[in-house]
There are 2 protein chains.
Amino acid sequence: MSHAGRPRKPSTDQDILRAVAELITERGYPRVTIDEVVERAGTNKPAFYRRFRSLTDVVPRLLASRHGTDEDIDTGTIVGDLVEVQRRQRRLFTDPVVTRGFAGWLADIDAHPERGASFLAEYLGPRRAYTQVILDRAAARGEIAEGADPGWIADLLTGPLIMHVVMPGLAPVDSVLVARSVHAALDALGYRGDRSIVDLEGAVSEQRSGAPDVG
Amino acid sequence: MSHAGRPRKPSTDQDILRAVAELITERGYPRVTIDEVVERAGTNKPAFYRRFRSLTDVVPRLLASRHGTDEDIDTGTIVGDLVEVQRRQRRLFTDPVVTRGFAGWLADIDAHPERGASFLAEYLGPRRAYTQVILDRAAARGEIAEGADPGWIADLLTGPLIMHVVMPGLAPVDSVLVARSVHAALDALGYRGDRSIVDLEGAVSEQRSGAPDVG
DNA sequence: TCATAATGTTACCAATAGTAACGTAAATAT
DNA sequence: ATATTTACGTTACTATTGGTAACATTATGA
């Protein structure tokens, strides 16, 4: 099947992804150059440009390979579902590729919108849509009222995390932050049931670590 | 006074700031070049580099000139104070210099931390600290309990706004978003008093405009 | 065996950040 | 007045970078 002609060396794709991840982690997105990427990947510029149109195109592939295999969430309670959503978001937003690469990548696709279309359709959209699924099930169980705006709930769950990722001087995304954001979402939903699992799983009891806040 | 020697032409500073603001608005931060900046400002590269170490250094000056003259906030109620905070934040986060420039600038200072130190000390820090002042006064009035974490309240007020600024496909920061964020902050503070001013001033009744959300 | 397409190397172009050199102009200090 | 100091604006330059072109070579499918 596939096509005629010499096939691409499969390892080169992985080598490039690994090299980009390392360089973003070490230097931050704006300092990553293609020359360094291909050197560290043990390949060359033409091979790179046969696979990707630009560095910007690599990042979605990188995120998919590291965080793209999410299974469905259905713990049976709204609290459990939101805790699980945030557990995954915490993992995403503490990945150094994200903490040091996301802002620069977002700026790139703002300046070159065509490069971000696929990310929007394949990554962002489904994740925001999934909040809707969780809220619909919770409403069907009678845990919350119908009619909540899933977009706003997603904002509450993700906004504070993104803020801590992109703003300098703020503590990394930690268990305290995700637990608080779940509480805020539950408040916005008017949820009045048991929340003990939030602090057990989210672990508010853990000490906040790392850099202190600015304010 | 000052020093000996020919003084800098004062208009050049303003011309550069204006040119950078225009180019960020038109093209997005990553596509702004120094050559274009100085051409549009009617000056030249040496004059630019006598004033700024890099493009990254211009942005804080730009923000200060557009949003730096904040007067103190003291409306007499916690609700009024938070509404006013968010009114200003809405103005900030709908400025095209911010919506098209902030992510790229944040990425730059992540990669070159020394360039962001002054912004952190002079802009971010004081704003987060101001939340503390507002909460302390509210606690002294008995509107809320003591001991609230002003960092978390600031996260709730600013996180969703930043998210809508940097994530592609989300609606611009509007009155609905700021009103909701004030409600979330009041919920987190356990505030049980009158909130009618939130929806009057924040105007939840306004229709949401512009691009719809992705999810 | 032939067509196809990727391999890796070398070389190249165009755009860009940032600096150097330099004669000129405008301020202060004596 | 004169000397000193510093910004002015022009030209030119270096180094880095993104991105392509050309090319001989190698691996696959038909």
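Sequence lines set the chain letters: A, B, ... in the order given, protein chains first and strands last, and positions in each chain run from 1. Note that the structure is a prediction, hence the values are computed from the model and not measured.
The A:Asn44 side chain lies nearest to C:dT9 when the options are C:dT9, D:dC8, D:dT25. The side chain of B:Pro7 sits closest to C:dA26 out of C:dA26, D:dA27, C:dT7. Side chain of B:Arg50, nearest nucleotide from C:dA6, D:dT5, D:dA7: D:dA7.
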Which protein N or O atoms sit under 3.5 Å from an N or O of nucleotides 17-20 of chain C?
{"residue": "C:dA17", "atom": "OP2", "partner": "B:Ile34", "partner atom": "N", "Å": "3.0"}
{"residue": "C:dG18", "atom": "OP2", "partner": "B:Tyr49", "partner atom": "OH", "Å": "3.0"}
{"residue": "C:dG18", "atom": "N7", "partner": "B:Lys45", "partner atom": "NZ", "Å": "2.8"}
{"residue": "C:dG18", "atom": "O6", "partner": "B:Lys45", "partner atom": "NZ", "Å": "2.7"}

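At whole-Å resolution of the value, CZ in B:Arg31 and P in D:dT17 are 21 Å apart. Remark: C1' of D:dT6 and NZ of B:Lys9 are 15 Å apart, rounded to the nearest angstrom. In this structure, A:Asp13 places its CG atom 12 Å from C1' of C:dA6, rounding to the nearest Å. The distance from atom CZ of A:Phe52 to atom P of D:dT20 is 15 Å, rounded to the nearest whole Å. Computed from coordinates, the B:Arg8 CZ to D:dT5 C1' distance equals 14 Å when rounded to whole Å. Computed from coordinates, the A:Glu39 CD to D:dT17 P distance equals 12 Å when rounded to whole Å.
Comparing the end axes of the helix from C:dT1-D:dA30 to C:dT30-D:dA1, each fitted to five base pairs by superposing C1' atoms of four pairs onto the next four, gives an inter-axis angle of 20° (nearest 10 degrees).
The backbone N or O of A:Ile73 sits less than 3.5 Å from a side-chain atom of A:Tyr130, completing a donor-acceptor pair. With B:Asp81 contributing its side chain and B:Thr75 its backbone, the two residues share a donor-acceptor pair below 3.5 Å.
Looking at heavy-atom distances under 4.0 Å, B:Arg51 makes contact with sugar-phosphate atoms alone, never a base.
Scanning atom types as modelled, one donor and one acceptor separated by under 3.5 angstrom connect the side chain of A:Arg6 and the base of D:dT26.
Look at A:Glu84 and A:Arg88 and you find a salt bridge, because one of the NZ, NE, NH1 or NH2 atoms lies within 4.0 Å of a carboxylate O, short of that distance. Here B:Arg53 does not pair with B:Glu114 in a salt bridge; the nearest charged N to carboxylate O distance is not below 4.0 Å.
Between B:Ile24 atom CD1 and B:Arg31 atom CZ the span is 14.5 Å, to the nearest 0.5 Å.
Take A:Arg66 and apply the salt bridge (Lys or Arg N to Asp or Glu O under 4.0 Å) test, not counting sequence neighbours, and it matches A:Asp95.
For CD of A:Glu39, the number of neighbouring non-hydrogen atoms (other residues, nucleotides, ligands) closer than 6.0 Å is 12 at most.
Figure legend: A:Arg51 and A:Phe48 shown without cation-pi pairing, the cationic atom not lying both under 6.0 angstrom from the six-membered ring centre and within 45 degrees of its axis.
Using a 4.5 Å heavy-atom threshold, the side chains of A:Asp174 and A:Val176 count as touching.
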